[in-house]
Amino acid sequence: MADFTGSLTDILNFVAAAGGLGTAAMGLVDASKAFRGGPSNIGFGSIESALSPFLAPLGAKSAAFGKAEVLQTLKANWLNGVPKADQKAKAKSLIHLGLSKGNAARLAAAAGVDPKKLASLAQKTATGDQPTQDEVNVLGQFDAVLSAVLDTAYERGDQQYRNAAKCLAMLVATILGVVGGWIVLGNGPTPSFTIHDFALSLLVGLSATPLAPIAKDLTSSLQAAVSAARALKR
């Protein structure tokens, strides 16, 4: 029973150390966003690429808001972590804002809708005339396609960001784990940092990031198991 309790205690210490290291690594990755956005820039390329057919017709400078200004606004929202629903709504409204009779044909081609009806709608919107039901229906089709493109772009971009952030956190945690193991185990009264010590430090580093979110609950469960084992011993 003593060996079993000791093993649980060792596992408890391992989980606590890994969880703390993972939290520290994620904090360091998050702090790197202070340098021109850091890892927050990851994923926006997918959004820019997916929206390119809808933004290219706006030109460098449109009457209202050009392609460069739209991308600058969307990237600012992305870097600041604005809720995705709000980001997609802002992107759609800015593309609507840039719609004109001159670029309606290219925007219609991007969405696969009737270019003449979309151009007529843009003209009537500019002059304040009442659009026909067919023109309103074309705008609905345009919005449906644009919404699907935005959903795909933002979900893919978000996935790329999350995966990259986790990989960066794991890399940082692994480096910190090995360096920390060397400092603790290799600088004692009899300095020694064996292959076993290196492997253990590497294992702590690699497992730190996935363990961090559940470390508290897992530690509590192991503490309860240790307490139960000690109670049985008595």
Side-chain angles (χ1 to χ4, degrees), residues 1-49 75 78-84 152-234:
M1 181 65 70
D3 291 340
F4 176 71
T5 304
S7 297
L8 282 178
T9 302
D10 291 340
I11 295 173
L12 177 62
N13 293 334
F14 177 89
V15 171
L21 181 61
T23 302
M26 288 188 287
L28 287 173
V29 171
D30 191 64
S32 70
K33 295 177 183 179
F35 302 97
R36 302 180 66 84
S40 292
N41 289 282
I42 299 171
F44 186 75
S46 293
I47 298 170
E48 183 176 354
S49 177
K75 188 168 186 178
W78 177 259
L79 292 177
N80 282 292
V82 174
K84 281 189 293 183
T152 302
Y154 274 91
E155 291 303 323
R156 183 173 297 168
D158 186 57
Q159 181 186 37
Q160 290 174 347
Y161 163 72
R162 285 186 284 106
N163 290 343
K166 289 176 182 178
C167 288
L168 285 173
M170 184 176 293
L171 177 62
V172 172
T174 301
I175 294 172
L176 290 177
V178 173
V179 172
W182 178 79
I183 292 174
V184 172
L185 302 174
N187 288 285
T190 56
S192 173
F193 191 61
T194 64
I195 294 296
H196 176 270
D197 296 333
F198 174 79
L200 180 61
S201 301
L202 189 65
L203 179 61
V204 171
L206 289 172
S207 61
T209 301
L211 275 178
I214 60 170
K216 183 177 180 180
D217 294 337
L218 191 56
T219 300
S220 299
S221 299
L222 288 172
Q223 285 176 335
V226 171
S227 298
R230 288 174 178 169
L232 289 175
K233 183 180 178 180
R234 298 193 190 101

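When all heavy atoms are compared, the tightest approach of Asn41 to Arg36 is ND2-O, 2.8 Å. When all heavy atoms are compared, the tightest approach of Gln160 to Gly43 is OE1-CA, 3.5 Å. Between Gly37 and Leu79, the shortest heavy-atom contact is CA-CD2, 4.3 Å. Minimum interatomic distance between Ala25 and Ala169 (heavy atoms only, all atoms of both residues): CB-O, 3.4 Å. Of all heavy-atom pairs between Val29 and Ala165, the closest is CG1-O, 4.3 Å.
Put simply, CG on Asn163 and SG on Cys167 are 6.5 Å apart, with the number rounded to the nearest 0.5 Å. Taking OG1 of Thr152 as the reference point, atom CD1 of Ile47 lies at 11.5 Å (rounded to 0.5 Å). The distance from atom OG of Ser40 to atom CG of Asp30, rounded to the nearest 0.5 Å, is 7.5 Å. Rounding to the nearest 0.5 Å places NE2 of His196 at 10.0 Å from OG of Ser201. The OH atom of Tyr161 lies 9.5 Å from the CG atom of Leu168; values are rounded to the nearest 0.5 Å. Atom NZ of Lys166 sits about 6.0 Å away from atom CZ of Arg162, to the nearest 0.5 Å.
Below 30°, between 30° and 60°, or above 60°: for Phe44 and Trp78 the angle between ring planes is between 30° and 60°, a tilted geometry.
Here the side chain of Ser49 pairs no donor or acceptor atom with the backbone of Ser46 at under 3.5 angstrom.
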Assess whether side chain to side chain contact (heavy atoms under 4.5 Å, CB included) is satisfied between Phe198 and Leu202, documenting all intermediate values. CA-CA 6 Å; Phe198 174 79; Leu202 189 65; 4.2 Å; yes

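Qualifying salt bridge (Lys or Arg N to Asp or Glu O under 4.0 Å) partners for Lys75, counting only residues two or more places apart in sequence or in other chains: none.
The closest side-chain heavy-atom distance from Tyr154 to Asp158 is not below 4.5 Å.
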